[in-house]
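Take a look at the structure below.
Side chains are part of it too, since the values below use all heavy atoms of this structure and drop only hydrogens, waters and symmetry mates. Here is the naming used below: chain letters follow the sequence lines, and residue numbers restart at 1 for every chain. Fair warning: this is a prediction, and the values are worked out from it, not measured in the lab.
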2 protein chains.
Amino acid sequence: MTTRPGPRERLLDAARELTYSQGVQVGVDAILKRADVARRSLYQHFGGKDGLVAEVLRSDGGLDRYRQVMNEAGDDPRERVLAVFDELDVITSRPAFRGCRYTAAELALTDPAHPAHAEVRAFKEGLHRLMAAELTRHGHPDPDAGADQLLVLIDGVLAHAVTRPGARPALAARALAEAVLAAPK
Amino acid sequence: MTTRPGPRERLLDAARELTYSQGVQVGVDAILKRADVARRSLYQHFGGKDGLVAEVLRSDGGLDRYRQVMNEAGDDPRERVLAVFDELDVITSRPAFRGCRYTAAELALTDPAHPAHAEVRAFKEGLHRLMAAELTRHGHPDPDAGADQLLVLIDGVLAHAVTRPGARPALAARALAEAVLAAPK
DNA sequence: CGCATCGTATACCGATCGTTCTATCTATTT
DNA sequence: AAATAGATAGAACGATCGGTATACGATGCG
């Protein structure tokens, strides 16, 4: 018999689900109800809603998922990068898809002092490093600029898929990713 | 001496500014105060906040701005398309830049029944037609797919610029737009 | 045992949300 | 001049917001 996770984990899980499906503007009451946790525990563990939201982003493990997709694609940097876009096509085709959690948070949170902004930035920079590393191994002449292009493609797919579900933007982006990979060595 | 615009125009202007700088979650009170308009006028003209937000998107004239940028670039489809990305570099470099108004609205409004969603979709499809028309004139083998790629690039630039201001994503995307235009004829 | 810690449950706070209402004023129209 | 429509000002509505306070139960450790 498995023991129930503690309030902290339950809060993180509930907040992760609800802030994605309902946006970061979900009420704390909804999160508390979903987590089946006392109101006080939220403020005890995270100091408030802002802290909880930031921790959701920090502990989301988005970078690990990118790493895993690439690792399953083998060793060739080219295949590893293209695998990301194949996976994006799967993700954006799911009915529950609601866009990139980080971009959505960045746009929804007006206050520049919100702790979530730092997590968004950290994620995007980590992703940039991830892609630049692949391009370096691939022999790309300017891995930094190439990674910028890949990030634009990724963000574009995730943003565009929200508004035009039938467009399969990941497939369109995949062809452009091949252009990035085809840069003269 | 110029006469002051009516309450309807003042409401639209105020809502346009505030929903962009503060997000669609701005309070009605803030909009009313900025527009210097009676509370009742809002519900008289737009039926409620949802109607006002939807009308802001509908009357925003975003497509006209794209058209204008392309017209100023001359007749050559290639120059016209690339001019869009040059303009995006300018827009995303402005301090007041806060992302794409339509994408932000789409992500922030959870309720699928919100009237704003239809306006977002109409805008994106209009933009798609705009780009496909240029590619057709340019002799692109698959204008529809090419337009998909351009839209991914545009959405990617607008989304990415919010999180990594120094990255100049429009320049990265411009190079990829050239790849779209270089498709075999 | 005795005590502290953690979690729960619930009541409550002031503030703000979108919306409806009444009342008054002004401009145009008949 | 009278009537009508549109706009203004402001109170008030119930609901919900994030956050705090109080009281009680369970658990762990000395």
(Q) For Arg8(B) and Glu55(B): C-alpha separation, side-chain torsions, deciding distance, then whether salt bridge (charged side-chain N to carboxylate O under 4.0 Å, His left out) applies. (A) CA-CA 11 Å; Arg8(B) 196 189 127 94; Glu55(B) 184 62 19; 3.5 Å; yes

Q.
Rounded to whole Å, please give me the gap between CG in Asp111(A) and P in dG18(D).
A. 15 Å

Q) For Asp36(B), which contact category applies under a 4.0 Å heavy-atom criterion: base, sugar-phosphate, or nothing? A) sugar-phosphate

Q) Rounding to a whole Å, what distance do you find between Asp29(A):CG and dC12(C):P? A) 16 Å

Q: Verify the neighbour count for atom CZ of Arg98(A): are there more than 12 heavy atoms of other residues, nucleotides or ligands below 6.0 Å?
A: yes

Q: Check if the side chain of Arg40(A) and the base of dT20(D) share a donor-acceptor pair of N or O atoms closer than 3.5 Å.
A: no

Q: Send over the distance from Gln22(A) CD to dT16(D) C1', rounded to a whole Å.
A: 15 Å

Q) Leu42(B) CG to dA9(D) P: how many Å, rounded? A) 14 Å

Q) What integer distance in Å separates Gln44(B):CD from dT4(D):C1'? A) 14 Å

Q | Note: Arg58(B)-Glu119(B) ion pair, threshold 4.0 Å (strictly below) | A | no

**Q.** Strand-adjacent residues in residues 5-19 of chain A, judged by heavy atoms under 4.0 Å from DNA chain C
**A.** Pro7(A), Arg10(A)

(Q) From CG of Leu52(B) over to P of dT19(C), roughly how many Å is that when rounded to an integer? (A) 10 Å

Q) Would you call Lys124(A) and Asp155(A) a salt bridge, taking side-chain N to carboxylate O under 4.0 Å as the test? A) yes

**Q.** Under-4.0 Å salt bridge between Glu125(B) and Arg121(B)
**A.** no

Q: For Ser41(B) and for Val24(A), find the nucleotide of DNA chain D with the closest heavy atom, then tell me which residue's nucleotide is more 5'.
A: Ser41(B)

Q) So, is His45(A) close to the dC6(C) phosphate, meaning a side-chain N or O under 4.0 Å from OP1 or OP2? A) no

Q: Please tell me which of the listed nucleotides, dT8(D), dG18(D), dG18(C), lies nearest to the side chain of Val37(B)?
A: dT8(D)

Q | Rounded distance (Å) that lies between atom P of dT16(C) and atom CD of Gln25(A) | A | 16 Å

(Q) Tell me whether Asp111(B) at atom CG has more than 12 heavy atoms from other residues, nucleotides or ligands lying less than 6.0 Å away. (A) yes

Q: Whole angstrom is fine here: how far is it from OH in Tyr43(B) over to P in dT19(C)?
A: 4 Å

Q. Do Arg10(A) and Asp13(A) sit within salt-bridge range, that is, some charged N less than 4.0 Å from a carboxylate O?
A. no

